[in-house]
Amino acid sequence: MTGEAIREKHAGELALRRLRAGEPFSADETAHFDVAAHAETCAECRGRLKALDDEQRRFEQDISLDRFSAGVARAARAPSRARANKTFERNVLRLMVPTLAVAAAVAIFVGPVGQRQRRNNIKGGDTGIIVRVAAGDGPQRTSSELAPEALSPGERLRIGYKAGDHRYLLSLSIDQRGEVTPLYPESGQSVPVGKAVGSGPRYLPDSVEFTDAGPERLFVILSDTPIDVEAARRAARASFDQARGDVLHMPALALPGEQFQRTFIKP
């Protein structure tokens with residue numbers, strides 16, 4: 001290695017998010033690559049850390065911590081609705097959002113016949129999702145798009161989206177037992193997203209809590225035509241069966257449109 005050689009290695013996005021959140025790195029990790037030390041001397045990685053700070057501030061301008069946390073606290077006090085033969089439970093909070101939003105808020109995997117399943121954290125693109133996590137008395141964070149996001153007891157999710165040219169949205173989740181739960185809408189067909197207002201993401205009007213332990217995979221599907229919820233449920237189950245019950249490695253659902261996903265590990 002000569003003095004003219006330039007080291008090109010930079011910290012990955014997940015590592016920077018862990019650093020920003022104050023999550024400790026193991027001795028093996030720091031021996032391989034010390035993210036904190038690198039970020040102190042690397043202008044590019046310092047800039048990326050600043051971008052994560054800016055992302056947090058923008059979100060909290062749209063949905064304040066008090067508003068998110070108060071909603072979580074109200075939902076936690078409300079009685080939950082048991083679903084027969086299910087290990088998933090959903091408590092819904094109706095937040096004060098514009099009617100337009102109610103009508104609607106990194107790897108690429110190639111699926112069957114032109115289907116695309118993507119993980120996208122909305123960094124200026126026309127389409128994508130962002131999933132925010134918060135508890136009643138804790139800070140907000142953006143869920144990881146690169147690895148399963150570990151949830152703590154009582155934490156809930158808000159789903160944001162940018163639909164681009166797509167006209168409809170549908171969201172569902174599936175757990176390690178293959179139980180599929182439609183999230184938005186719960187029945188019927190995918191909802192029209194309406195005309196975008198501004199350049200930022202819009203957030204769905206519900207916050208969602210996953211219960212029972214183990215992995216849960218979230219899908220958000222943006223499409224040009226409405227999709228039947230029951231057809232989406234069957235497609236999710238078929239993907240689960242194709243993966244032999246491995247929620248972490250399910251192929252894209254056999255549905256039209258762009259598919260975005262996040263995976264969560266429930267406590």
Side-chain angles (χ1 to χ4, degrees), residues 13-25 52-53 55-83 86-97 101 105 119-122 128-161 171-177 179-184 186 201-220 247-248 260-267:
E13 180 180 341
L14 180 59
L16 288 176
R17 289 185 181 276
R18 290 175 61 191
L19 176 64
R20 182 182 177 278
E23 180 180 338
F25 292 85
L52 293 177
D53 290 336
E55 175 189 279
Q56 174 77 14
R57 283 192 294 271
R58 285 195 302 270
F59 175 79
E60 292 184 0
Q61 287 173 356
D62 292 336
I63 302 177
S64 69
L65 177 59
D66 290 342
R67 181 178 172 191
F68 198 129
S69 298
V72 170
R74 285 198 301 273
R77 290 195 299 269
S80 60
R81 297 178 300 165
R83 293 179 180 272
K86 288 190 179 294
T87 58
F88 173 91
E89 184 178 28
R90 176 174 175 250
N91 293 322
V92 175
L93 163 66
R94 294 292 177 181
L95 298 177
M96 296 301 294
V97 293
R119 297 186 296 185
N120 187 312
N121 218 33
I122 310 183
I129 68 168
I130 181 169
V131 181
R132 300 293 299 179
V133 182
D137 57 354
Q140 300 173 33
R141 69 181 186 277
T142 302
S143 69
S144 172
E145 57 183 312
L146 302 177
E149 180 77 21
L151 298 177
S152 297
E155 287 192 319
R156 301 173 66 83
L157 316 178
R158 265 320 281 282
I159 302 171
Y161 67 93
S171 178
L172 54 78
S173 71
I174 184 167
D175 67 11
Q176 74 275 19
R177 293 179 176 81
E179 295 289 351
V180 181
T181 302
L183 299 175
Y184 195 85
E186 294 184 75
R202 289 176 283 172
Y203 286 84
L204 295 178
D206 300 347
S207 64
V208 178
E209 180 179 6
F210 295 144
T211 62
D212 196 21
E216 185 102 16
R217 191 178 183 106
L218 169 73
F219 286 93
V220 178
V247 174
L248 302 181
F260 302 87
Q261 64 87 23
R262 295 288 187 276
T263 306
F264 299 91
I265 304 300
K266 300 169 293 185

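What's counted below: heavy atoms across the whole structure, side chains too, no hydrogens, waters or symmetry copies.
Nearest heavy atoms, Ser152 versus Pro267: C-CG, 3.8 Å. Here the closest heavy-atom approach between residue Asp212 and residue Arg177 is recorded as OD2-NH1, 2.8 Å. Minimum heavy-atom separation, Asp175 to Lys266: CB-NZ, 3.9 Å. Here the shortest heavy-atom pairing between Arg262 and Ile129 reads NH2-O, 3.3 Å. Minimum heavy-atom separation, Arg141 to Ala150: NH2-O, 3.0 Å.
Side-chain polar atoms of Arg132 and Thr142 form a donor-acceptor pair below 3.5 angstrom. Side chains of Thr263 and Gln261: a donor-acceptor N/O pair is present below 3.5 angstrom, by distance only.
In this structure a side-chain-to-backbone donor-acceptor pair under 3.5 Å is missing from Gln140 to Ala134. Formation of a donor-acceptor pair under 3.5 Å by the Gln176 side chain with backbone atoms of Ala213 is found in this model.
Considering only heavy atoms from C-beta on, Leu151 comes within 4.5 Å of Phe210 through its side chain.
To the nearest 0.5 Å, atom CG of residue Leu157 and atom CD of residue Glu209 are 9.0 Å apart. To the nearest 0.5 Å, atom CD1 of residue Ile159 and atom CG of residue Leu218 are 4.5 Å apart.
For Ile265, the side chain to side chain contact (heavy atoms under 4.5 Å, CB included) criterion is met by Pro148, Pro215, not counting sequence neighbours.
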Full working for side chain to side chain contact (heavy atoms under 4.5 Å, CB included) between Val131 and Glu149: CA-CA 10 Å; Val131 181; Glu149 180 77 21; over 6 Å; no
